[in-house]
Amino acid sequence: SLTSDKTDQTAKDFEAVFLSQMMEAMFADVDIGGFGEEEGEEVYKSWMVQEYARLMSDAGGIGIASEVKTELLKLQETTH
């Protein structure tokens, strides 16, 4: 069974991935410049979006983590 801390982290990680996917679409056409090559810019942009998503999730996110945690706890109860 997952501990409370692991359940919290799993839920936050899920939310961060979700937010990252949403933000990738938002930043798709944004030129952040300064890299001189498109490939380098795309890699940096991907890292930037992932970090923004992680920070948003850690700061409370948009409520997905709490719902995921609730469902994970329900699943744990039914498997024991």
Side-chain angles (χ1 to χ4, degrees):
S1 76
L2 292 172
T3 65
S4 181
D5 288 344
K6 283 191 177 203
T7 304
D8 285 341
Q9 191 58 52
T10 300
K12 284 182 182 179
D13 289 347
F14 180 87
E15 182 172 56
V17 169
F18 176 82
L19 289 170
S20 179
Q21 293 295 313
M22 297 294 289
M23 289 174 40
E24 278 185 24
M26 191 172 82
F27 280 90
D29 295 328
V30 175
D31 180 13
I32 56 176
F35 287 91
E37 59 182 78
E38 188 174 323
E39 185 178 307
E41 181 176 325
E42 291 304 313
V43 170
Y44 176 79
K45 192 187 313 183
S46 174
W47 290 340
M48 181 185 72
V49 166
Q50 288 175 12
E51 185 64 12
Y52 283 165
R54 188 190 63 76
L55 291 170
M56 288 173 65
S57 182
D58 286 348
I62 58 174
I64 294 172
S66 63
E67 293 298 319
V68 169
K69 180 181 176 183
T70 299
E71 292 303 314
L72 287 171
L73 292 173
K74 283 180 188 177
L75 285 171
Q76 282 184 316
E77 290 174 7
T78 60
T79 59
H80 292 313

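All values derive from a computational prediction rather than experimental measurement.
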Where do Lys74 and Glu77 land on the salt bridge (charged side-chain N to carboxylate O under 4.0 Å, His left out) test, with the steps shown first?
-> CA-CA 5 Å; Lys74 283 180 188 177; Glu77 290 174 7; over 6 Å; no
Are a donor atom and an acceptor atom from the side chains of Asp5 and Gln9 found within less than 3.5 Å of each other?
-> no
Rounded distance (nearest 0.5 Å) linking atom NZ of Lys69 with atom NZ of Lys6 = 15.0 Å
From CD (Glu41) to CE (Met48), nearest 0.5 Å | 9.0 Å
Atom CD of Glu24 and atom OH of Tyr52: how far apart are they, to the nearest 0.5 Å?
-> 14.0 Å
Rounded distance (nearest 0.5 Å) linking atom OG of Ser20 with atom CG of Asp13 | 12.0 Å
State, to 0.1 Å, how close Ala65 and Ala11 come at their nearest heavy-atom pair, and which atoms those are.
-> O-CB, 3.2 Å
Phe18 side, atom CZ; Ser57 side, atom OG - distance, nearest 0.5 Å = 11.5 Å
Tell me whether Met56 is reachable from Val17 by hopping between hydrophobic residues (I, L, V, M, F, W, Y) whose side-chain heavy atoms are closer than 4.5 Å.
-> no
Is there a path from Leu19 to Leu55 through hydrophobic residues (I, L, V, M, F, W, Y) whose side chains come within less than 4.5 Å of each other?
-> no
Got a salt bridge between Arg54 and Glu51, using NZ or NE/NH1/NH2 to carboxylate O under 4.0 Å?
-> yes
Met22, CE: over 12 other non-hydrogen atoms inside 6.0 angstrom | no
Got a second to check how far Leu73's CG is from Thr78's OG1, nearest 0.5 Å?
-> 11.0 Å
Check whether any side-chain heavy atom of Glu15 lies under 4.5 Å from a side-chain heavy atom of Val68, and answer yes or no.
-> no
Kindly work out whether a path of hydrophobic side-chain contacts (I/L/V/M/F/W/Y, heavy atoms less than 4.5 Å apart) joins Ile62 to Phe27.
-> yes
